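What follows is a single structure, written as C-alpha cells, with notes after it.
Both backbone and side-chain heavy atoms feed into the values below; hydrogens, waters and symmetry mates do not. All values derive from a computational prediction rather than experimental measurement.
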Amino acid sequence: MDSIATIKSRRGLLKSALVMASGAAVSACASRTIGSMASHSPAPVHPPVKPAPAALAPAPKVAAAARVTPQGIRPELFKRATAALDRHSVRVDTHDRIAIADFSLPSSEARFFLVNMGTGEVETLLVSHGIGSDPAHTGVLQRFSNQINSEATCEGAFLTADYYVGKHGDSQRLIGLDPTNNNAMARAIVIHSAWYANPDMISKHGKLGRSQGCFAVGERQLAKVFERLGPGRMIYAAKA
C-alpha cells in the first residue's frame, strides 16, 4: 500500500511539474512575441515642436499694402514692374521689396530705385549701364541687348541670387527671368560696385562710367543694395 501511495504521489508531482513547465514555455513565447512586436512597431509620433515666434514671421510673399505708385518713379514703369512681379511670382520668393532701374534717365541721375512695397518708401541710387548700350559714351542708354559678348545692359525682370567674390570684389549673381535677359547668368550680369559709379564722377565728367552690362553702383552703396534686396527678390530694368 505504501508503494502504491508513493507511486501516486510521484505521478502527482510529475503532472504538476509538467503543467508548470508548460506555463513557463507559454509565458516565455509570449514574452518573445511581445518583444518582437515591440522591435518592429513604428516609433511613436510626437507632435512637431513649435518654432520660435521669430521663425513664424517670414518675409511676406506679397506686399501688405496696396500698390500705390511711389514718388519719383514713372507710373507706367512701376505698373510694368509690378506686372512682372506678379508674372514671375512663383520664382520670386519675396515680394516685400523690389528694385527698378529706369534707363530712360541719364547716368548722371539717380535711376536705381529700391522700393519698399509695404510702405511705399523709396531709396534712389546711381547705377551704370553697359558699354554696348552706349558706345559713344553719351551718358544715355541707347539700346538693350541680351547677346553674349555684347557688353550691353539687358532689360526685363531679374531674380537676385547668391553672393560671391569676383574680379569686381563682392558681387551678386542675377538670373534673367524674361526672353530679353535670359542670358544674364551666361554673361555674368551681376550687381557689383565700381569706382566709375561713384557720385564724384558726376561732378568731374557729368556722367558715370560704363560697365560690361552689369548693374554697377557706387562703392559705398553696395552694402545697402545687398541689405535691401538680398537673394530672392526682383530687379526690373526698362527704358520705355
N116 side chain to R97 main-chain N or O, any donor-acceptor pair under 3.5 Å?
no
Is any side-chain heavy atom of T82 closer than 4.5 Å to one of Y236?
no
For D96 and R233, what are the C-alpha separation, side-chain angles and deciding distance, and is it a salt bridge (Lys or Arg N to Asp or Glu O under 4.0 Å)?
CA-CA 8 Å; D96 60 338; R233 290 183 173 87; 2.8 Å; yes
Please find the pair of heavy atoms, one from R228 and one from L114, that lie closest to each other, and give the distance.
CG-CD1, 3.9 Å
Can you tell me if S128 uses its side chain to pair, donor with acceptor, with the backbone of S211 under 3.5 Å?
no
Scanning both residues in full, the closest heavy-atom pair of G139 with D134 reads N-OD2, 2.8 Å
Mark yes when over 12 heavy atoms from residues, nucleotides or ligands other than N149 sit less than 6.0 Å from its CG; otherwise mark no.
no
Pair R111-S104, side-chain donor/acceptor within less than 3.5 Å:
no
Are L229 and V127 grouped together when hydrophobic residues (ILVMFWY) are joined by side-chain heavy atoms under 4.5 angstrom apart?
yes
With respect to S150, which candidate in R143, Q212, R187 satisfies the side-chain hydrogen bond (donor to acceptor under 3.5 Å, both in side chains) definition?
R187
Any sub-3.5 Å donor-acceptor pair from K207's side-chain atoms to P106's backbone N or O?
no
Over 60° means perpendicular and under 30° means parallel, so classify the ring planes of F215 and F112, tilted if in between.
tilted
Distance-only, no hydrogens or angles: does the Q172 side chain make a donor-acceptor pair with backbone N or O of A161 under 3.5 Å?
yes
Could you tell me which non-hydrogen atom of S89 sits nearest to which non-hydrogen atom of H95, and how far apart they are?
CB-CE1, 3.5 Å
Is there side-chain contact between F144 and K239, with at least one heavy-atom pair below 4.5 Å?
yes
I need the minimum non-hydrogen distance between Y163 and P231, along with the two atoms involved.
OH-CD, 3.7 Å
Show the numbers, then the answer: is there a side chain to side chain contact (heavy atoms under 4.5 Å, CB included) between H129 and F103?
CA-CA 8 Å; H129 55 251; F103 286 114; 3.9 Å; yes
Locate the shortest heavy-atom distance separating N146 from T180; write the atom from each residue and the value.
CB-O, 3.2 Å
In the structure I gave you, are the side-chain heavy atoms of H88 and D178 within less than 4.5 Å of one another anywhere?
yes
Taking all atoms of both residues into account, what is the closest heavy-atom pair of A240 and R80, and its distance?
O-NH1, 2.8 Å
Between R173 and Y164, do the side chains contain a donor N or O and an acceptor N or O under 3.5 Å apart?
no
Honestly curious: do W195 and L208 fall in one hydrophobic cluster under the side-chain, below-4.5 Å linking rule?
yes
